[in-house]
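One structure is given here, and the rest of the page talks about it.
Positions are given from 1 along the sequence. Whatever order the structure lists them in is the order used to number ligands and atoms, beginning at 1.
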Amino acid sequence: MNRRLKKLKIFNLFKKSKKFSIKWSNYFQIYEKIFSKYRNKKIKFVEIGVANGGSLFMWQKFFGKNAKIIGIDLNPKAKQLEKYGFKIYIGSQSDKKFWDDFYKKEGKIDLILDDGGHKNLQQISTVHYSLPHIKDGGKIIVEDTSLSYVKKEFNNPSKYSFINYAKNIIDIIHRRSPLLNRKLNLYAKKIYLVEFFESIVVFSIDNKKCFFNKEINNDGKNDGAIDYRHNEYFKELKNKMDQKYGLMHKRSFFRKIIRKLLYRNFMFNVLDNFKLKKIFKEINK
Ligand SMILES: C[S@@+](CC[C@H](N)C(=O)[O-])C[C@H]1O[C@@H](n2cnc3c(N)ncnc32)[C@H](O)[C@@H]1O
């Protein structure tokens with residue numbers, strides 16, 4: 001593992017930082033993957049959780065001198081790091097008023113990384129109150145999400161864990177499909193992509209990419225290929241029918257009856273579910 005880590009620029013900067021910092025070892029490969037394209041750009045990067053300031057030095061070196069590095073911490077001692085050129089805000093990540101003031105002063109930002117208190121309300125507040133203020137093409141990154149499964153200090157697993165909140169967002173981004181017939185709220189309009197790594201969740205923000213979806217055809221020749229989705233059971237009989245009647249039988253009354261019996265029979269769902277149960281059991285071993 002160490003050899004692989006040593007090849008990563010961000011890991012070397014972490015090791016060389018003049019102040020103490022502590023991160024999980026899998027984070028560095030994720031940082032390289034998600035942050036590389038922002039290097040040497042004029043960006044605003046925010047980290048919640050400053051502690052000794054070690055990671056702030058790492059970020060400044062990684063993103064370059066055009067990046068504004070901002071730290072947020074509840075501990076007022078963090079303010080002393082401003083002498084190194086960082087901008088530090090003192091306040092709580094779970095306080096709505098703090099975020100209102102923060103974004104009034106800073107305006108829109110590119111990247112926000114949460115390495116703060118890691119409690120459900122703290123992590124969820126970061127995403128919830130920051131979402132309207134992230135630029136298109138930006139990201140919200142939440143670290144230590146494994147704490148969604150930890151009882152001691154974090155009161156998890158819980159219905160209101162950060163991971164459950166993030167799973168909800170998976171449902172919300174699917175509202176962009178017209179098949180769901182749902183309204184697009186702010187989350188559906190802004191979160192383009194959610195990535196789950198071990199202990200890190202990344203939300204990619206891009207309003208322009210979050211459009212209400214629609215199906216589109218090309219101009220290729222349609223040979224009337226039939227979707228065999230429902231041909232799993234009574235395979236041979238159905239195949240014969242489809243070959244014989246092709247698309248024609250789709251419109252007849254006869255086809256409707258046959259389809260009910262042979263294609264959409266609820267028994268097939270029962271059989272599917274039986275197989276699915278086995279797979280679900282297997283992956284949770
Ligand atoms: C894990 S440390 C941060 C480490 C730092 N990012 C590093 O890598 O060196 C967590 C920090 O979050 C701060 N913190 C805890 N709860 C907070 C809250 N509600 N709002 C803001 N900061 C908080 C703590 O004071 C602590 O300094």
Taking only heavy atoms of Glu47 into account, list the atoms of ligand 1 that are under 4.0 Å away from them.
6 (N)
Geometry only, no angles: is Gln122 polar-contacting ligand 1 at N/O separations under 3.5 Å?
yes
Looking at atom 9 (O) of ligand 1, what's its closest protein heavy atom, distance included?
Ser21 OG, 3.1 Å
Before accepting this row, confirm whether a basic side-chain N of the pair Asp101/Lys97 lies closer than 4.0 Å to the acidic partner's carboxylate O.
yes
Does Asn52 approach ligand 1 within less than 4.0 angstrom via side chain, backbone, both or neither, non-hydrogen atoms only?
neither
Quick test: of every protein heavy atom, which one is nearest to atom 19 (N) of ligand 1, and how far off is it to 0.1 Å?
Ser92 OG, 3.1 Å
So which protein heavy atom does atom 22 (N) of ligand 1 come closest to, and at what separation?
Leu74 N, 3.2 Å
Ring of Phe212, cation from Lys214 - is the NZ or CZ under 6.0 Å from the centre and inside 45° of the axis?
no
Starting from atom 27 (O) of ligand 1, which protein heavy atom do you reach first, and at what distance in Å?
Asp73 OD2, 2.7 Å
Looking at side-chain heavy atoms only, is the closest gap between Lys277 and Asn273 below 4.5 Å?
no
Using side-chain contact (heavy atoms from CB on, under 4.5 Å), reason through Leu56 and Ile88 one step at a time and then give a plain yes or no.
CA-CA 10 Å; Leu56 296 182; Ile88 307 290; 3.8 Å; yes
Cation-aromatic face contact Arg39/Phe62, 6.0 Å, 45 degrees:
yes
Distance filter under 4.0 Å to Ser55 heavy atoms, resulting ligand 1 atoms
5 (C), 6 (N), 7 (C), 8 (O), 9 (O)
protein heavy-atom neighbour closest to atom 14 (N) of ligand 1 works out as Gly117 N, 3.9 Å
For Gly54, is at least one N or O under 3.5 Å away from an N or O on ligand 1?
no
Using a 4.5 Å cut-off on heavy atoms from C-beta on, say whether the side chain of Tyr149 contacts that of Ser161.
no
Taking both backbone and side-chain atoms of Ile48, is any N or O found less than 3.5 Å from an N or O belonging to ligand 1?
no
Of all the heavy-atom pairs spanning Ile170 and Ile173, show the shortest one and how long it is.
O-CG1, 3.3 Å
Please step through side-chain contact (heavy atoms from CB on, under 4.5 Å) for the pair Gln123 and Tyr165, ending with a clear verdict.
CA-CA 10 Å; Gln123 293 176 326; Tyr165 164 82; over 6 Å; no
Does Gly91 come within less than 4.0 angstrom of ligand 1, counting non-hydrogen atoms of the residue?
yes
Nearest non-hydrogen protein atom, atom 20 (N) of ligand 1:
Gln93 N, 3.0 Å
Please walk me through it: do Tyr103 and Tyr129 pass ring-ring contact (aromatic ring centres under 6.0 Å, His included)?
CA-CA 9 Å; Tyr103 284 112; Tyr129 297 125; 9.6 Å; no
Of the protein's non-hydrogen atoms, which lies at the shortest distance from atom 4 (C) of ligand 1, and what is that distance?
Asp115 OD2, 3.4 Å
